Amino acid sequence: MLSGDRNTPYKVAVLVALPMAAGAEIFAGALVAIDADGFATPGETATGLAYFGRADEHVDNGDGADGDKQVMVRRGEAFKWENSAGDPVTQASLGRTCYIEDDETVSGTDGEGAQSACGTVIQIDEDGVWVA
């Protein structure tokens, strides 16, 4: 517990190098999530993922073990993802959570508990959903 000022270290975390999951291939521009073991993986319909941001590069760890390669991921900004055809994000979702369908698509619901949360819907366009 502090009893005085503390010079707490910080860093700008807009672009972060993340260790990748075994067998993962992440394409530039992909929605990136963190799996239950703490490794970067492309977004997919699954539970236990934590949304992290957008890949800034293509990295293939298809033949590697957990952490063998790293991918640069951009975060802290809003990104435009595809809107689900089967479970679209609607105007009623504005300001609410949307869900990861795959590495470029978000949906309006969690697919009856099958999908992980993505982020907050800040705008809906005809060609995509802006997520912060």
Side-chain angles (χ1 to χ4, degrees):
M1 173 181 278
L2 290 176
S3 61
D5 294 340
R6 178 178 190 263
N7 184 11
T8 303
Y10 73 95
K11 69 176 171 175
V12 177
V14 173
L15 197 57
V16 180
L18 298 178
M20 292 176 64
E25 181 175 14
I26 299 176
F27 292 95
L31 186 156
V32 177
I34 305 300
D35 68 16
D37 295 322
F39 294 97
T41 186
E44 64 179 321
T45 295
T47 59
L49 299 178
Y51 173 71
F52 202 83
R54 187 203 70 198
D56 249 28
E57 61 183 343
H58 171 231
V59 180
D60 187 353
N61 193 31
D63 295 328
D66 285 341
D68 278 357
K69 292 190 179 179
Q70 293 187 334
V71 62
M72 296 301 290
V73 179
R74 187 168 300 276
R75 59 179 288 121
E77 300 182 28
F79 301 108
K80 186 190 265 186
W81 303 116
E82 297 289 324
N83 199 352
S84 173
D87 183 12
V89 175
T90 66
Q91 189 63 35
S93 300
L94 194 64
R96 292 174 173 75
T97 301
C98 62
Y99 299 86
I100 302 169
E101 187 171 296
D102 61 35
D103 65 353
E104 67 172 343
T105 310
V106 294
S107 63
T109 70
D110 69 359
E112 298 181 7
Q115 294 168 242
S116 297
C118 185
T120 302
V121 176
I122 64 162
Q123 185 173 331
I124 303 161
D125 292 345
E126 287 184 20
D127 62 344
V129 179
W130 290 92
V131 179

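What you are looking at is a predicted structure, and each value in this text was computed from that prediction instead of being measured.
- Note that the CD atom of Q115 and the CG atom of D102 stand 9.5 Å from one another [nearest 0.5 Å].
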Next item on the list: Show your reasoning for whether side-chain contact (heavy atoms from CB on, under 4.5 Å) applies to K80 and D127.
Entry: CA-CA 9 Å; K80 186 190 265 186; D127 62 344; 2.8 Å; yes
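- Note that the OG1 atom of T90 and the CZ atom of R96 stand 9.0 Å from one another [nearest 0.5 Å].
- The structure places CD of E126 at 11.5 Å from CG of N83, a figure rounded to the nearest 0.5 Å.
- Pairing each heavy atom of I124 with each of V121, the nearest pair is CG1-CG1, 3.8 Å.
- The side-chain hydrogen bond (donor to acceptor under 3.5 Å, both in side chains) contacts involving residues 16-25 comprise E25-H58, where partners must be two or more places apart or lie in separate chains.
- Under a cut-off of 6.0 angstrom, the local environment of CG in D63 is sparse, with at most 12 non-hydrogen atoms contributed by other residues, nucleotides or ligands.
- Rounded to the nearest 0.5 angstrom, I122 CD1 and L94 CG are separated by 9.0 Å.
- Without hydrogens or angle criteria, D37 side chain to F39 main chain gives no donor-acceptor distance under 3.5 Å.
- Of the possible polar contacts, one joining the N61 side chain to the A21 backbone as a donor-acceptor pair under 3.5 Å is found.
- The line from CG of D87 to CG of D110 is 9.0 Å long, rounded to the nearest 0.5 Å.
- Considering all non-hydrogen atoms of both residues, I26 and A30 come closest at CG2-CB, 4.1 Å.
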Distance-only criterion, 3.5 Å: show the donor-acceptor pairs between side-chain atoms of residues 41-54 and protein atoms not counting sequence neighbours.
unit_1, atom_1, unit_2, atom_2, d
T45, OG1, E101, O, 2.8
Y51, OH, W81, NE1, 3.4
R54, NH2, D56, OD1, 2.6

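- One hydrophobic cluster, built from ILVMFWY side chains closer than 4.5 Å, holds both F79 and L31.
- The two residues V32 and A40 have their closest heavy-atom pair at CG1-CB, 4.0 Å.
- Cluster annotation: I34 is connected to V71 through the hydrophobic network of ILVMFWY side chains, with a link wherever side-chain heavy atoms come within less than 4.5 Å.
- Between P88 and A85, the closest heavy-atom pair is CD-O, 4.0 Å.
- Checking side-chain atoms of Q123 against main-chain N and O of W130 turns up no donor-acceptor pair under 3.5 Å.
- A pairwise comparison of heavy atoms in V131 and C118 identifies CG1-SG, 4.0 Å as the closest pair.
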Going by atom type alone, with no hydrogens or angles, which donor-acceptor pairs under 3.5 Å involve a side-chain atom of residues 4-20 and a protein atom two or more places apart or on another chain?
unit_1, atom_1, unit_2, atom_2, d
R6, NH1, T8, OG1, 2.8

